[in-house]
Every structure is written in structure tokens, then in C-alpha cells.
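Side chains included, hydrogens not; waters and symmetry mates left out as well; all remaining heavy atoms used. In this chain, numbering begins with 1 at the start of the sequence shown. Whatever order the structure lists ligands and atoms in, that order sets their numbers, starting from 1. Just so we're clear, the structure is a prediction, and the values are computed from it rather than from any experiment.
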Amino acid sequence: MTKKLEGRVAIVTGSGANIGEACAKALASEGAQVVLADINIDGAKRVAQEIRDAGGEAFAHPLNLLEEDSVRTLVAAVLERYGRIDILHNNAADTRSAQMAADGPIQQLETAVWDSAFAVNTRGTMLMTKHCVAAMIEAGRGSIINMSSGVSILGDVFNPAYSASKSAVNALTRNTAAQFGKRNIRCNAILPGLILTPLSRSMMGAEQLALLEKHTLLPRLGAPDDIAKAVVFLASDDSSFVTGQLISVDGGITTHQPYVGEVLAQLG
Ligand SMILES: NC(=O)c1ccc[n+]([C@@H]2O[C@H](COP(=O)([O-])OP(=O)(O)OC[C@H]3O[C@@H](n4cnc5c(N)ncnc54)[C@H](O)[C@@H]3O)[C@@H](O)[C@H]2O)c1
């Protein structure tokens with residue numbers, strides 16, 4: 001059976017672990033040649049090796065989204081090796097536990113914390129798009145998949161800098177889709193709900209996880225593979241008429257009246 005992404009080259013940022021790892025592996029299993037770009041180069045190398053061990057094609061390259069030169073170097077290396085870029089998955093974000101812990105009440109919010117969220121999550125996404133889009137224009141097609149979050153569209157009491165930076169990613173997604181649609185380059189964003197990873201588990205206690213599960217319409221919280229399946233869809237021709245969309249992959253947590261979780265619990 002022909003694989004959906006045979007002959008296509010994909011860059012996945014922040015793919016040295018967790019959601020990015022799952023996305024990179026899913027793209028590779030559909031035949032894409034995958035570049036694992038991460039500041040965590042050891043993680044990226046491990047994932048690249050695991051993809052090759054499974055019969056896929058991948059290589060790891062260091063990336064620091066804070067530095068435009070690092071983005072330039074990455075893109076040049078990808079073009080030298082593969083000669084094309086078909087898929088860009090902007091997955092990386094500043095999710096360091098110290099950053100997320102400091103991204104709290106606005107009265108105490110340090111400007112450095114705000115700036116770091118925007119520098120990695122939003123400016124980093126813009127820089128990757130800026131340097132990859134010429135190759136997509138030349139190829140006459142491309143798919144850019146930005147990683148946003150459910151908190152980009154709904155108010156929460158945590159992480160104002162992170163939330164705002166992801167709302168800006170939504171705006172950038174639609175702007176990119178508008179700018180490059182006539183070149184056959186699509187740009188969409190995925191808005192995950194809570195995805196169970198070591199980081200999200202460490203940030204939330206059992207009680208908080210149970211609360212989120214109660215308000216999720218489906219009977220479970222998310223897994224990295226749930227996001228990876230959406231990324232493969234958006235990367236492939238299956239979504240060839242889909243662009244400028246903010247696609248929630250969240251078990252329905254952002255779709256209902258705030259009281260639905262309580263009502264369902266009462267109904268048993
Ligand atoms: N886990 C969740 O519940 C959840 C929910 C909503 C959205 N998301 C989004 O999904 C994406 C992946 O999240 P995750 O949970 O797998 O977290 P993660 O921390 O495992 O992934 C972030 C990756 O980005 C990389 N990174 C950080 N700073 C970088 C920089 N300056 N340059 C290059 N790479 C850098 C990290 O090394 C890491 O590999 C993020 O965009 C996150 O905001 C996650």
C-alpha cells in the first residue's frame with residue numbers, strides 16, 4: 001500500500017520527546033523523511049535513531065529557536081541533504097518547568113517570563129515559517145502545522161504568557177494561510193487539550209487530572225498519538241482543501257457549556 005507521505009520532507013521542531021516525538025514517528029511511518037530539530041539534541045538523536053531502526057528515514061539537527069541564525073543553519077542543512085521541504089510542524093514551545101511555574105499571577109509576572117514564551121512559541125514559529133516557505137513556494141506546495149493550545153481560545157487562571165503566545169500563534173496561522181494559499185501552501189493550527197506526558201503529569205496532581213477528565217466529553221484524557229494522527233492528516237493530501245483552521249484535538253473539552261461536566265456527574 002502506498003504511504004501517504006512518501007517522498008515528502010518534514011521538519012518537526014521540539015521532537016526530542018513527548019508530543020513532537022510521536023508526531024515525528026507518525027510522519028516517518030507514513031513515508032516522510034523527517035528532520036528532528038530540537039535544542040534537546042540528545043533527545044532528537046535518540047528519536048531519529050529509533051525511526052531509522054524501524055526502517056524510516058530521519059536525521060537530527062540542533063535548533064535554538066531564540067536565534068535566527070540557528071533557524072537559517074537548520075534550513076540550509078535540510079535543503080542540502082534533501083533538496084526540499086514539504087511539511088513544517090512547528091511543535092516546540094518553552095515548556096520548561098521553571099518557565100511554566102513562573103508564568104503565574106499577572107501582578108507578579110516577570111517580563112522575562114512573558115518574553116520567553118513569545119520568543120520561543122510565537123517568534124520561533126514565525127522564524128521557521130519565514131525560512132522554510134521559499135522552498136515550499138519553489139515546490140509548488142507545502143503544509144505548515146502550528147502547535148497551539150486550548151488555552152489560546154478559552155480563559156484559564158494559569159500561564160497567561162503561554163496562553164497569549166499561543167493566541168498569537170493562532171493569528172499567525174491564519175495570516176500565513178492567507179499570505180501563501182495561492183501558492184498552494186496550507187497552514188493550520190492544532191489546539192490540544194491536556195495531553196498526558198511526563199511534564200503535564202508532573203504539573204498536575206491526581207485531583208486536577210480528574211477534574212479535567214470530568215469536563216472532557218470523551219472518557220479519557222489525550223495521548224501524544226492523538227495529536228500525531230491529526231498532524232499526519234494535516235500534512236497529507238487528505239486535508240488538501242483545509243487551510244487557516246484552528247483544529248481542537250481535545251476530547252471535546254472546549255465545545256460545551258461550562259456546567260456539562262457537573263450535569264453528567266449528577267446523572268451518573
Ligand atoms: N502536553 C500538553 O498537554 C499540551 C497541551 C496543549 C499544547 N501543547 C503543546 O504541544 C507542544 C509539545 O508539548 P509537549 O507537551 O510535548 O512538551 P515538551 O516540553 O516535551 O516539548 C517542547 C519541545 O520544545 C523544545 N524546545 C524548547 N525550547 C526550544 C528552543 N528554544 N529551540 C528549539 N526547541 C526548543 C524542547 O526541547 C522540547 O523538546 C508544545 O507546543 C505545547 O505547547 C501541549
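Taking distance alone, with nitrogen or oxygen atoms compared against 3.5 Å, I195 approaches ligand 1 more closely than that limit.
Residue-ligand proximity, G14 to ligand 1, at heavy-atom distances under 4.0 Å covers atoms 23 (C), 24 (O), 25 (C), 39 (O). Within ligand 1, the atoms closer than 4.0 Å to a non-hydrogen atom of S148 are 7 (C), numbered from 1 in the order shown. For ligand 1 and S149, the ligand atoms under 4.0 Å from any heavy atom of the residue are 6 (C), 7 (C). Residue L194 has at least one heavy-atom neighbour below 4.0 Å for each of these atoms of ligand 1: 3 (O). Near N40, the atoms of ligand 1 lying under 4.0 angstrom from a non-hydrogen atom of the residue are 37 (O). The atoms of ligand 1 that sit less than 4.0 Å from any heavy atom of M147 are 9 (C), 10 (O), 11 (C), 41 (O).
A pairwise comparison of heavy atoms in C132 and V75 identifies SG-CG2, 3.9 Å as the closest pair. Between K4 and E30, the shortest heavy-atom contact is N-OE1, 3.0 Å. Of all the heavy atoms in L109 and V113, the pair that sits closest is CD1-CG1, 4.0 Å. Across S116 and R96, no two heavy atoms sit closer than the pair OG-NH2, 3.6 Å.
At a threshold of 4.5 Å between non-hydrogen side-chain atoms, the residues N91 and I145 do not count as touching. No side-chain heavy atom of L65 sits under 4.5 Å from any side-chain heavy atom of I39.
Of the protein's non-hydrogen atoms, the one nearest atom 43 (O) of ligand 1 is Y162 OH, 2.5 Å. Distance from atom 25 (C) of ligand 1 to its nearest protein heavy atom, with residue and atom name: D38 OD1, 3.4 Å. Counting only heavy atoms of the protein, atom 20 (O) of ligand 1 lies nearest to N18 ND2, 2.7 Å. Atom 27 (C) of ligand 1 has A93 O, 3.2 Å as its closest protein atom, hydrogens excluded (heavy atom only). The nearest protein atom to atom 30 (C) of ligand 1, hydrogens excluded, is given as L65 N, 3.7 Å; this is a heavy-atom distance. Here the heavy atom of the protein found nearest to atom 12 (C) of ligand 1 is N91 OD1, 3.3 Å. Looking at atom 35 (C) of ligand 1, its nearest protein heavy atom turns out to be I39 CG2, 3.6 Å. For atom 15 (O) of ligand 1, the nearest protein heavy atom (residue, atom name, distance) is I19 CD1, 3.8 Å.
Residue contacts with ligand 1, taken as heavy atom pairs separated by less than 4.0 Å, do not involve A37 at all.
Side chain of R186 to main chain of S143: no donor-acceptor pair is present (N/O by atom type, distance under 3.5 Å, no hydrogens or angles). Side-chain atoms of S149 never come within 3.5 Å of backbone atoms of K166 as a donor-acceptor pair (strictly under, hydrogens ignored).
The CD1 atom of I87 lies 8.0 Å from the CE atom of M136; values are rounded to the nearest 0.5 Å.
For the pair K166 and ligand 1, a heavy-atom separation below 4.0 Å is found. Residue contacts with ligand 1 do not include A119, since none of its heavy atoms lies under 4.0 Å from the ligand.
Closest heavy-atom approach to atom 18 (P) of ligand 1 among the candidates T95, N121, V120: T95.
Partners of A189 under the side-chain contact (heavy atoms from CB on, under 4.5 Å) rule, at least two apart in sequence or in another chain, are N146, S148, N170, T173, L191, L246.
Relative to the ring axis of F59, R81 places its NZ or CZ within 45° and under 6.0 Å from the centre.
Checking I253, I227, V249 one by one against P192, the side chain to side chain contact (heavy atoms under 4.5 Å, CB included) holds for a single residue, I227.
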